[in-house]
Amino acid sequence: MAFTLAPLPYAFDALEPHIDARTMEIHHDKHHAAYTNNLNAAIAGTDLENLTIEEILVKGFDTMPVRNNGGGFYNHNLFWEIMTPGGSNVPTGSLAIAINESFGSFDKFKEEFTKAGTTRFGSGWAWLCVHKGGKVDVCSTANQDVPLMPGIGCGGFPILGMDVWEHAYYLHYQNRRPDYISAFFNVINWDIVGEKYNANK
Ligand code: MN
């Protein structure tokens, strides 16, 4: 069954001034749409066709069009969701405890996550992942790789992802990736991240 691009669940300008409307529109309607269409083309008529996206990320890992576009499809679904306007602007509950246990404080987590995003050379993502038992850690991946993929040196279940491809910020921030990363912390909906933590710990 073909995957479909869900509409952005809020207005393109909902994350202004941190992420501008034009960037959101192109990012969703062009980039995410292309990953979705290319994923469908890559799995059509193969034994991956009727699997879930999570299964495809593992079983289709060795096929580059599946890996790249399956990752792009999955990663952006998470990205739009964790930036949903509203919610808490800091972690709460059991996720807050887990972040303090792994990093010492929320500020230290922000430092680690920022470093993961700024030091990712070229295109990729920074992640906060939860492992079975509840421990959280930060890592980054190249291109559209997903922590769920096997053997990429970044594991666990992703509960927060930050896109650091230039298409995520270039119109507004140009080469200033650190400024985009700083602004990104203003649009994270920690209630949703916390729900993902509780569901996957
Ligand atoms: Mn992107």
Side-chain angles (χ1 to χ4, degrees), residues 2-43 53-54 56-57 60-61 63-85 113-129 138-149 152-154 156-189 192-193 196:
F3 293 97
T4 56
L5 176 67
L8 192 70
Y10 39 85
F12 292 125
D13 65 359
L15 305 176
E16 297 247 16
H18 308 294
I19 303 181
D20 65 286
R22 185 75 176 132
T23 294
M24 290 296 290
E25 182 176 7
I26 296 170
H27 202 170
H28 178 273
D29 288 8
K30 304 298 183 189
H31 291 277
H32 198 187
Y35 293 125
T36 307
N37 293 336
N38 292 338
L39 168 63
N40 286 331
I43 62 172
I53 185 59
E54 290 83 0
I56 288 171
L57 295 178
F61 178 70
T63 307
M64 287 313 289
V66 175
R67 177 173 169 178
N68 289 335
N69 293 291
F73 174 76
Y74 181 92
N75 292 343
H76 290 86
N77 282 341
L78 174 64
F79 191 55
W80 311 135
E81 190 183 0
I82 56 89
M83 296 195 295
T84 300
F113 193 79
T114 297
K115 188 173 151 201
T118 51
T119 59
R120 167 51 57 190
F121 185 78
S123 298
W125 291 74
W127 303 101
L128 176 65
C129 295
V138 161
C139 59
S140 82
T141 56
N143 303 314
Q144 295 294 352
D145 283 355
V146 186
L148 298 173
M149 291 172 174
I152 58 169
C154 175
F157 188 91
I159 59 174
L160 172 68
M162 176 174 65
D163 191 342
V164 295
W165 283 59
E166 284 189 344
H167 70 225
Y169 62 86
Y170 202 88
L171 286 181
H172 187 71
Y173 293 99
Q174 292 84 47
N175 60 313
R176 302 186 307 278
R177 186 190 286 187
D179 290 354
Y180 157 72
I181 292 174
S182 176
F184 175 76
F185 284 104
N186 293 312
V187 299
I188 300 170
N189 184 323
I192 293 174
V193 181
K196 291 184 177 297

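One-based numbering, in listed order, for ligands and for the atoms of each. Below, each value reflects all heavy atoms present in this structure, side chains not excepted, and no hydrogens, waters or symmetry copies.
- A salt bridge is absent between Glu166 and Arg177: the closest approach of a Lys/Arg side-chain nitrogen to an acidic carboxylate oxygen does not fall below 4.0 angstrom.
- Here the two cysteines Cys139 and Cys154 have their SG atoms closer than 2.5 angstrom.
- Because the distance cut-off is set at 2.8 Å, His32 fails to qualify as a neighbour of the Mn ion (ligand 1), as none of its N, O or S atoms comes that close.
- The backbone N or O of Ile19 sits nowhere less than 3.5 Å from a side-chain atom of Thr23 that would complete a donor-acceptor pair.
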Apply side-chain contact (heavy atoms from CB on, under 4.5 Å) to the pair Val66 and Phe61, showing each step before the final yes or no.
-> CA-CA 7 Å; Val66 175; Phe61 178 70; over 6 Å; no

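- The Mn ion (ligand 1) forms the vertex of an angle spanning NE2 of His167 and NE2 of His76; to the nearest 10 degrees it equals 140°.
- Here the angle centred on the Mn ion (ligand 1), running from NE2 of His27 over to OD2 of Asp163, is 90°, rounded to 10°.
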